[in-house]
Amino acid sequence: MIYRHFNAPSRGFTRFSHEIIRHPRLSSDAVRLLTWQLSLPQGARESLSRTAERARIGACAFGRAKRQLKEEGFVHERRVQVGGGRWVTQQLVSGTPLTADQAAKILAREPGASSQVTPSPRNPVVGAPTVDDPVTPSTGGHPEKDREGETSNLPPEVVEESPRLEEARALVGALPLLSSALRHIPRGMRDELARLAARWLDVGHTPADVHQHILRGLPGAGTPVHRPGGLVRHLLRDVPPRELPSPRIPEGRLSVRLEGTRECAGDHTQPMLFRPVGDETHCAACT
């Protein structure tokens, strides 16, 4: 038997739909990331990655949570060109699932950037309302009163490009040389794959690390790869933290600092190493 005691807060609270907290396909990290973003004050421009850092969500868990939110329509992205010819990525966080067209309408209202690529479509969910379904929130005008507080009032997040994007593009361009299975990656996917590869480089992985990871993920010899671009995108989606190898001393060999020493043949509680002058077998204390 369970009992609950709850006092509604008088200040410092945010209204969330039960559909977010009880969503069957969102992990706890995805729910925490979304509710944290929706609880930020109006005008806040905290990025999703910064929210994950403050919420102590690791890199791999953050990648999975963000992917789930995009697949369910709570997060949308688009590429835009700003002043000086720079390209940035805008992200829209919403308290209710939005279709790509609905997100595009909201993002189009933001001044200062012209859209070059509309938000990518998400996979439809079985049983989810269609665009013409009256349950789906409208984006063509002002929200209805009974939907107040259900959508985020956060401005789209602007994410600067990785400084290693050019190196990542060269990395992706070399993929057809690694395996014949990767020769037919569509040119239209190379920018997307380069942005994914740049995330690996940003955390310390080398291009050789990325290539080896992709090669390990390829199917066995004789198995055809019909969508090599999609396979590479899947392999690069989650970025593991880079683990630096610890230096190991070859078996049977002492470290450089202990080279030339010998274990004393005398009676010691613990092994005693000493540096002999000649052929002596006992340390100075024993002799």
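Atom set for the values below is all heavy atoms of this structure, side chains included, hydrogens, waters and symmetry mates excluded. Numbers for residues simply follow the sequence, beginning at 1.
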Exercise for the section: State, to 0.1 Å, how close L215 and S179 come at their nearest heavy-atom pair, and which atoms those are. Expected result: CD2-CB, 4.3 Å
Problem - salt bridge (Lys or Arg N to Asp or Glu O under 4.0 Å) assessment of E71 paired with R25 - result: CA-CA 10 Å; E71 291 174 350; R25 290 178 298 277; over 6 Å; no
Problem - Spatial distance of atom CZ (R199) from atom CG (D238) [nearest 0.5 Å] - result: 7.5 Å
Completion exercise
Heavy-atom closest pair (L231 atom, P219 atom, distance to 0.1 Å) is CD2-CD, 4.2 Å
Exercise for the section: Over all heavy atoms of both residues, which pair between P241 and C60 is shortest? Give the atoms and the distance, please. Expected result: CD-SG, 3.9 Å
Practice task
Give a yes or no on whether R227 atom CZ has more than 12 heavy-atom contacts from other residues, nucleotides or ligands under 6.0 Å away.
Solution key: no
Exercise for the section: Over all heavy atoms of both residues, which pair between E46 and L40 is shortest? Give the atoms and the distance, please. Expected result: CB-CD1, 3.7 Å
Exercise for the section: Check L171 against H211 and note the closest heavy-atom contact, atom names and distance. Expected result: O-NE2, 3.1 Å
Exercise for the section: Sort out for me which residue in H23, Q68, Q37 forms a side-chain contact (heavy atoms from CB on, under 4.5 Å) with F74. Expected result: H23
Problem - N/O donor-acceptor pair under 3.5 Å between R169 side chain and R164 backbone - result: no
Exercise for the section: Decide whether V225 and L235 are clustered together by the hydrophobic rule: side chain heavy atoms of Ile, Leu, Val, Met, Phe, Trp, Tyr closer than 4.5 Å, transitively. Expected result: yes
Exercise for the section: Quick one: do L175 and L178 satisfy side-chain contact (heavy atoms from CB on, under 4.5 Å)? Show the steps, please. Expected result: CA-CA 5 Å; L175 290 180; L178 297 180; 3.7 Å; yes
Fill in the blank from the handout: Here the gap from S28 atom OG to I21 atom CD1, rounded to the nearest 0.5 Å, amounts to 13.0 Å
Practice task
Hey, can you tell me if W200 and H213 have their rings parallel, tilted or perpendicular (30° and 60° cut-offs)?
Solution key: tilted
Completion exercise
Value for CG (D267) from SG (C286), rounded to nearest 0.5 Å, stands at 8.0 Å
Problem - NZ/NE/NH1/NH2 to OD/OE distance under 4.0 Å, K66 and E77 - result: yes
Practice task
Check whether any side-chain heavy atom of R262 sits under 4.5 Å from a side-chain heavy atom of P276, and report yes or no.
Solution key: yes
Exercise for the section: Answer yes if L48 and V239 sit in the same cluster of Ile, Leu, Val, Met, Phe, Trp and Tyr residues linked by side chain heavy atoms under 4.5 Å apart, and no otherwise. Expected result: no
Practice task
Give a yes or no on whether E280 atom CD has more than 12 heavy-atom contacts from other residues, nucleotides or ligands under 6.0 Å away.
Solution key: yes
Problem - Q102 side chain reached by S94 side chain, heavy atoms, under 4.5 Å - result: no
Problem - From R54 atom CZ to R32 atom CZ, the distance as rounded to the nearest 0.5 Å - result: 10.0 Å
Practice task
Check the pair L69, L33 against side-chain contact (heavy atoms from CB on, under 4.5 Å), reporting the backbone distance first and the verdict last.
Solution key: CA-CA 9 Å; L69 293 175; L33 185 64; 3.9 Å; yes
Practice task
Report yes if some heavy atom in the side chain of D202 is under 4.5 Å from a heavy atom in the side chain of P163; otherwise report no.
Solution key: yes
Completion exercise
Closest non-hydrogen atoms of A168 and A194, given as atom of the first, atom of the second and distance, are CB-O, 3.2 Å
Practice task
Tell me, yes or no, whether the heavy-atom count around H268 atom NE2, taken from other residues, nucleotides or ligands under 6.0 Å, exceeds 12.
Solution key: yes
Problem - Distance, nearest 0.5 Å, that separates OG1 of T35 from CD1 of I20 - result: 8.0 Å
Problem - Co-membership, hydrophobic cluster, residues F62 and L201, 4.5 Å side-chain - result: no
Exercise for the section: Report yes if some heavy atom in the side chain of R64 is under 4.5 Å from a heavy atom in the side chain of D29; otherwise report no. Expected result: no
Handout entry: Side chain to side chain, M189 and V172, heavy atoms closer than 4.5 Å
Key = no
Handout entry: Charged N-O contact under 4.0 Å between E53 and R50
Key = yes
Problem - Any side-chain heavy-atom pair of L182 and L218 under 4.5 Å - result: yes
Practice task
With the side chain counted from C-beta on, respond yes when I214 and L236 share a heavy-atom pair under 4.5 Å apart, and no when they do not.
Solution key: yes
Practice task
Would you mind reporting whether L92 and V75 have side-chain heavy atoms less than 4.5 Å apart?
Solution key: no
